[in-house]
Amino acid sequence: MRSQQKQPQLGAVARPLTFERGRGVYAVETTAGLAHVVVQVGDDGRRVERLQRVLRALADAQIPIFLIKLHPESISFALESDLVTRAEDCLHGLAGECGARGDLSLVTITATSMRDLNDVMVTIAESLQQAGARLYGIGDSHNTVQCLVETAWAAAAVTELTAAFGLEAQG
Amino acid sequence: MRVLVQKFGGTSLDSAEHRALAAGKVISARDAGYAPVVVVSAIGRRGAPYATDTLVDELRRIDPATAPSPREMDMMMACGEIISTAVMAATLQTLGYPAIALSGGQAGIITDGEYGNARILSIHPHSIRKAIERGQIPVVCGFQGVTSVTEESEHGSITTLGRGGSDTTASALGAALEAVGVEIYTDVDGVKTADPDMVPTARTLDVCTYEEVAEIAHQGAKVVHPRAAEIAMDYGIPLWVKSTFSDLPGTRICGDEQVHEEVRRRVTGVTHTGKLAFIHLEIVNEAHKPFVEQEVYRLMARADINILLVTFGPTGFSFAVDRTDYPVARDLLDGMVVPVGIDGGPNTSGAFYIFKLSDGQDLAYRNQRPLLKPLEPLFDIVDVPGAAFENGTIVSVIASRHRQVPGVMAAIFETLTQAGIPIHQVADSDMSISCLVPENEASRAVRLLHDRFALGE
């Protein structure tokens with residue numbers, strides 16, 4: 001099974017490593033070949049049960065998912081594009097409507113102590129808007145913010161983010 | 001010359017008995033043929049006479065109304081480690097082993113000029129090497145360095161490294177000296193699968209990758225500071241976490257390529273961290289949503305409020321803030337007005353969005369909303385209802401490459417929800433899955449997940 005990390009990289013930029021890693025954002029990279037799926041689960045008393053069924057079905061079908069987010073009436077996640085059909089098949093009838101959007105790329109912004117950077121989300125949001133890249137999903141951790149955007153706009157997004165964070169293209 | 005860096009925390013030095021145990025570790029390393037380089041933290045914790053917090057309190061007491069200058073604060077804080085090095089060096093000397101105490105500057109640790117949170121730029125370890133050549137055991141102050149000569153900063157101004165500073169010093173010295181390893185001595189016998197106070201069956205891990213330990217540390221466990229793990233990872237220095245007070249082997253921390261495949265894809269532990277408030281804002285206009293979101297982020301940034309667990313959904317967006325920041329965030333959001341697309345003038349698709357928090361928390365909204373009334377014939381005036389869940393905490397499952405291993409999220413969700421623990425939101429990265437749960441359920445959630453993934457076995 002191909003992993004998300006092994007997908008072709010559209011590009012990567014990074015700040016040269018010094019003795020201790022620089023504070024702030026030091027790399028932006030993209031991973032192509034992804035899709036975003038939204039499954040309706042309703043907001044009634046059976047919401048949790050439907051969420052359990054969705055996650056269990058995907059697990060039993062050996063479909064890796066990420067950028068998982070819970071919404072009042074739905075669950076959304078990302079997966080590799082070539083797994084979308086299998087995912088739709090295994091989810092059929094388990095919950096509500098299932099919608100998928102393909103041709104997406106994951107733009108990953110990496111920083112040291114991301115959660116100490118108060119303005120990082122503003123910069124990312126402005127850069128994506130400047131690039132015309134609509135955001136389909138987002139995930140954040142202590143060292144990354146990952147944004148799911150249309151592949152057609154991923155390169156422009158990287159250009160804007162690179163400029164905004166003062167990174168230089170790697171040789 | 002096989003250099004071994006050994007770092008001892010404050011609790012390893014806070015009594016003659018503990019110092020003797022720490023010295024014993026150093027002497028054992030030397031007798032085994034290593035050239036030990038010792039890094040020490042300040043002695044004891046808050047309340048102890050030379051603990052960093054005690055020294056800081058002393059300076060703050062001079063004028064409680066005025067914060068001490070960062071430069072002088074760093075000079076004060078650095079004293080704790082200077083005392084420790086002298087005490088540790090004297091302890092080793094008393095036991096018949098030549099030792100030399102070195103401040104961060106004397107050890108050649110050069111930092112930038114950010115007082116209180118300096119970053120190590122370079123290390124010139126000539127004095128350490130010379131001491132080793134002379135047969136001495138260098139005892140170096142953790143947590144501190146000095147600035148280099150630039151036009152902006154004076155030469156040799158004392159700086160401190162901020163959180164995790166002594167671990168960072170140890171790791172950085174390990175890299176600079178091309179050490180065979182860095183041993184972090186503490187009062188626990190290694191990296192645990194969970195907080196043993198919460199999970200009595202928590203186990204000590206034999207081996208851990210740099211990424212795992214950095215993730216564990218970021219997600220709440222106080223083992224090795226992530227900065228130290230990152231330096232060790234970047235320079236390929238093996239790390240060990242061991243107990244000063246036992247002879248147990250501890251936890252080896254190494255590169256991904258040095259561990260078995262099953263270690264690369266496994267659940268390592270369960271952690272918990274943070275006291276959070278989770279804010280949900282409803283806005284349905286897809287075209288306007290990014291602009292409104294941006295204004296919210298900008299507002300939070302201006303107020304120095306970090307946001308996390310950011311979520312975009314079809315009917316709104318959500319994020320979490322530290323609970324101590326929530327009152328400020330709430331007051332800033334309530335009644336906030338965001339104009340979107342009004343440049344084209346009246347009767348365009350522009351709108352004014354006004355934030356309305358839950359009843360009882362919407363005083364500013366109730367004052368602001370009538371002021372927008374005159375604009376209603378010209379523009380849409382749209383309420384953005386907001387609600388918050390104020391008593392959340394994050395429980396995280398550390399799972400290497402779980403994105404390649406389907407089922408981890410399903411197992412977490414089933415375990416918690418079947419036990420009646422609500423999950424308000426989730427966040428996942430390459431190394432972990434985090435769930436926002438009620439704070440009063442944190443212990444139960446950690447124990448259930450620890451059992452579910454059989455981490456005590």
Side-chain angles (χ1 to χ4, degrees), chain A residues 1 3-6 17-23 38 48-49 51-52 54-74 76-77 112-126 128-129 134-146, chain B residues 119-123 168 172 175-176 214-215 218-219 226-227 230-231 234 280 290-291 293-294 297-298 300-301 303-316 319 401-411 413-414 417-418 422-434:
Chain A
M1 186 184 304
S3 73
Q4 173 252 315
Q5 284 80 4
K6 289 176 184 168
L17 187 71
T18 54
F19 199 89
E20 190 180 355
R21 288 183 190 179
R23 305 269 160 77
V38 180
V48 170
E49 180 194 326
L51 285 169
Q52 282 178 4
V54 167
L55 291 167
R56 175 48 52 200
L58 291 164
D60 290 346
Q62 292 290 298
I63 297 173
I65 58 172
F66 57 100
L67 287 189
I68 306 153
K69 291 292 174 188
L70 307 177
H71 311 288
E73 296 180 28
S74 61
S76 64
F77 52 85
T112 301
S113 297
M114 181 70 83
R115 285 174 175 163
D116 290 339
L117 306 175
N118 297 330
D119 58 352
V120 73
M121 286 306 299
V122 182
T123 309
I124 291 169
E126 285 175 351
L128 295 183
Q129 194 190 343
R134 184 185 158 187
L135 199 51
Y136 285 85
I138 189 165
D140 58 273
S141 71
H142 65 85
N143 64 346
T144 59
V145 172
Q146 297 189 307
Chain B
R119 183 166 70 97
I120 298 175
L121 299 176
S122 61
I123 297 181
T168 304
E215 190 75 23
H218 274 295
Q219 303 289 4
R227 282 168 74 185
E230 283 168 0
I231 293 172
D234 292 340
H280 178 72
F291 297 96
E293 285 161 0
Q294 234 178 76
Y297 299 149
R298 191 169 288 125
M300 295 297 118
D304 281 339
I305 295 174
N306 294 315
I307 61 174
L308 59 155
L309 293 177
V310 179
T311 306
F312 293 147
T315 59
F319 57 90
R401 287 156 187 71
H402 71 88
R403 288 178 173 179
Q404 298 168 28
V405 185
V408 179
M409 183 64 218
F413 196 86
E414 286 165 359
T417 56
Q418 284 170 5
I423 300 175
H424 291 269
Q425 192 47 275
V426 296
D428 60 279
S429 70
D430 288 337
M431 296 297 297
S432 67
I433 295 177
S434 300

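Proteins come first, then strands; the chains are lettered A, B, ... in the order of their sequence lines, and each starts at number 1.
Contact count against chain A (heavy-atom pairs under 4.5 Å) is highest for B/Gln294 among B/Gln294, B/Arg298, B/Glu414. Note on A/Val122, A/Leu117, A/Leu70: by heavy-atom pairs under 4.5 Å with chain B, the leading option is A/Leu70. Of the listed residues (A/Asp119, A/Leu135, A/Val120, A/Leu58), the one with the most heavy-atom contacts under 4.5 Å to chain B is A/Leu135. Most heavy-atom pairs under 4.5 Å with chain A, from the set B/Thr315, B/Asp304, B/Ile423, B/Val408: that is B/Asp304.
Although no hydrogens or angles enter the test, the distance criterion places no donor-acceptor pair under 3.5 Å between the side chain of B/Asp428 and the main chain of A/Phe66. Side chain of B/Gln425 to backbone of A/Lys69: no donor-acceptor contact under 3.5 angstrom is found.
No part of A/Leu128 comes within reach of chain B, as not one of its non-hydrogen atoms sits under 4.5 angstrom from that chain. Heavy atoms closer than 4.5 Å to chain B are found in the side chain of A/Gln129, but not in its backbone. Using a 4.5 Å cut-off between heavy atoms, B/Ser434 makes no contact with chain A at all. When heavy atoms are compared at a cutoff of 4.5 Å, B/Ile305 approaches chain A solely by way of its backbone atoms N, CA, C and O. Neither the backbone nor the side chain of B/Ile433 comes within less than 4.5 Å of any heavy atom of chain A. Looking at B/Phe319, there are no atoms closer than 4.5 Å to chain A (heavy atoms on both sides), in backbone or side chain. Contact of A/Thr123 with chain B is not made at all, since no heavy-atom distance falls under 4.5 Å.
With rounding to the nearest 0.5 angstrom, the CG atom of A/Asn143 is 9.5 Å from the CE atom of B/Met431. Rounding to the nearest 0.5 angstrom, the gap separating the CG atom in A/Leu67 from the OG1 atom in B/Thr311 is 10.5 Å.
Between B/Ala410 and A/Leu55, the closest heavy-atom pair is CB-O, 3.5 Å. Among all heavy-atom pairs drawn from A/Ala59 and B/Gly407, the shortest one is CB-CA, 3.4 Å. Residues B/Pro406 and A/Pro64 share a closest heavy-atom pair of CG-N, 3.8 Å.
Using a 4.5 Å heavy-atom cutoff, the side chains of A/Met121 and B/Glu293 are not in contact.
Checking A/His142 against B/Glu215 by side-chain atom types alone, a donor-acceptor pair falls below 3.5 Å.
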